[in-house]
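Worksheet: one structure, shown below.
Predicted, not measured: the structure shown is a model, and the values here were computed from it. Index from 1, following the sequence.
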Amino acid sequence: LNYKAVAKRVLAFIQESRYQLVETLAEEIARLILTEFEIEWVKVTLHKPGAIRFSKDVGVMIERSRAGLAPAPDA
């Protein structure tokens with residue numbers, strides 16, 4: 001797996017996306033990596049600093065597999 005290629009693709013995807021929820025963005029990043037890089041399993045961790053007042057950071061961590069990949073949502 002070319003980690004540099006994955007990082008560049010994920011960063012480009014994030015820059016062009018307009019997701020409001022970190023959960024949704026994490027799901028779509030997982031889908032992108034699983035499909036475009038043809039790997040079997042991925043763990044995605046996202047943080048959104050300052051999302052909640054008086055909180056340093058909030059975030060989400062998900063694990064997804066190619067076998068459990070749901071159909072892409074209608075755009």
Side-chain angles (χ1 to χ4, degrees):
L1 181 62
N2 182 331
Y3 292 106
K4 184 177 180 179
V6 173
K8 287 176 83 170
R9 178 63 181 104
V10 169
L11 287 173
F13 177 78
I14 291 169
Q15 288 175 344
E16 62 192 38
S17 71
R18 298 286 177 245
Y19 296 102
Q20 296 296 315
L21 298 173
V22 292
E23 296 87 352
T24 305
L25 181 58
E27 289 287 347
E28 293 307 310
I29 290 171
R31 175 185 309 286
L32 177 138
I33 294 170
L34 289 169
T35 57
E36 290 188 19
F37 294 92
E38 298 183 8
I39 61 169
E40 295 301 316
W41 174 87
V42 66
K43 180 191 286 187
V44 176
T45 304
L46 291 181
H47 297 271
K48 190 172 182 179
I52 298 176
R53 190 173 179 192
F54 304 117
S55 175
K56 180 180 176 183
D57 186 30
V58 296
V60 62
M61 180 182 1
I62 63 168
E63 296 180 31
R64 298 293 181 264
S65 69
R66 178 178 287 281
L69 195 60
D74 293 335

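Atom-to-atom distance recorded for Y19:OH and I14:CD1 is 11.0 Å, nearest 0.5 angstrom. To the nearest 0.5 Å, atom CG of residue N2 and atom NZ of residue K8 are 9.0 Å apart. How far OG1 of T24 is from CG of L46: 10.5 Å, rounded to the nearest 0.5 Å. Once rounded to the nearest 0.5 Å, the distance linking CZ of R66 with CD of E40 reads 5.5 Å.
Hydrophobic clustering, with ILVMFWY side chains joined whenever heavy atoms are under 4.5 angstrom apart, keeps W41 apart from I29. Side-chain heavy atoms closer than 4.5 Å link hydrophobic residues (I, L, V, M, F, W, Y) into clusters, and following such links, even through other members, never connects V44 to L11.
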Steps toward side chain to side chain contact (heavy atoms under 4.5 Å, CB included) verdict (I39, L34): CA-CA 5 Å; I39 61 169; L34 289 169; 4.0 Å; yes
Would Y3 and L1 satisfy side chain to side chain contact (heavy atoms under 4.5 Å, CB included), going step by step from the backbone distance to the final call? CA-CA 6 Å; Y3 292 106; L1 181 62; 3.7 Å; yes
Derivation of the salt bridge (charged side-chain N to carboxylate O under 4.0 Å, His left out) call for R64 and E27: CA-CA 8 Å; R64 298 293 181 264; E27 289 287 347; 2.4 Å; yes
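Between F13 and L25 the shortest side-chain heavy-atom distance falls below 4.5 Å.
Contact between V60 and A26 at its shortest, heavy atoms only, is CG1-CB, 4.0 Å. Of all heavy-atom pairs spanning I62 and A30, the tightest one is CD1-CB, 4.0 Å.
Within a 6.0 Å sphere centred on CD of Q20, other residues, nucleotides and ligands contribute 12 heavy atoms or fewer.
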